Amino acid sequence: MVKNKTLGLLFYLRKDKLNRNGLAPIYLRLIVDGQRSNLSTNRSISPDRWNDEADKARGSNEESKSLNQYLESFKSKVYEHHRDLLEKGKTITAETLHNAILGVGDKRYELVEVFKQHNKEMKQKVGKDFALGTMERYETTLQHIEQFLKSKYKRSDIPLFELNFKFVTDLEHYFKTRSQLQPQFHAEVYP
């Protein structure tokens, strides 16, 4: 079981990195059980328009409201990533949360991509562990899955994390109702 670690978030200005217009970049400091990691928000503001105590832009003009809404949205995404890591049972540190936000290190595999890799590895085993006919059936299955994705989902691939019971039952229905995919059953007649 993964312990729910403390999470602190703090927006702050990097006044040492003022741009030509005198704007300072806004950063988010992630603090997980005392460990820190800093993340750029890709937004900047004039230091005199920043409220250090409230961690947001001063004022009620549209520009300040828009920036503050963006920062709140940014903060919400951090909490979503934190919750996602908790649900997946992953170790949460400032670094792992930072990487999750940036999408680093968590390759999202897709079905056709994985199936093609599988078939590539199986081809190397033909004549050793597998017969050529088995390999041909793997290739045919891949073609049918690609056709299914195009007809049902209007896409060429699907991330593995999106696969669910409905996907499996839809795929089974597709296989069983397409005439060229139906297995040929031969009833034997006994006297």
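Hydrogens, waters and symmetry mates play no part in the numbers below; they use all other heavy atoms, side chains included. What you are looking at is a predicted structure, and each value in this text was computed from that prediction instead of being measured. For this chain, numbers begin at 1 and follow the sequence in order.
Between E72 and K56 no salt bridge is recorded (no basic side-chain N to carboxylate O distance below 4.0 Å). The residues K176 and E172 are annotated as salt-bridged, a charged nitrogen and a carboxylate oxygen being separated by less than 4.0 angstrom.
Here F130 pairs with nothing under the ring-ring contact (aromatic ring centres under 6.0 Å, His included) rule; sequence neighbours left out.
In this structure, L13 and P47 approach most closely via the heavy-atom pair CD1-CA, 3.7 Å.
To the nearest 0.5 Å, atom CD1 of residue I31 and atom CG of residue L97 are 11.5 Å apart.
Remark: side-chain polar atoms of R29 are not paired, donor with acceptor, to backbone N or O of N38 under 3.5 angstrom. Not a single donor-acceptor pair under 3.5 Å links the side chain of T41 to the backbone N or O of Y27. Between the D157 side chain and the E113 main chain, a donor and an acceptor come within less than 3.5 Å of each other. Between the N19 side chain and the L23 main chain, a donor and an acceptor come within less than 3.5 Å of each other. Looking only at distances, a side-chain donor or acceptor of T96 sits under 3.5 Å from a matching main-chain atom of T91. Judged purely by atom type and a 3.5 angstrom limit, D84 has no side-chain atom pairing as donor or acceptor with the backbone of E80.
Aromatic rings from F148 and Y153 are positioned such that their centres are separated by under 6.0 Å. Checked against a 6.0 Å centroid threshold, the rings of Y109 and F115 do not count as neighbours.
For the residue pair R178/Y174, the side-chain donor-acceptor check at 3.5 Å is satisfied.
Crowding of Q117 atom CD: a count of heavy atoms from other residues, nucleotides or ligands under 6.0 Å exceeding 12.
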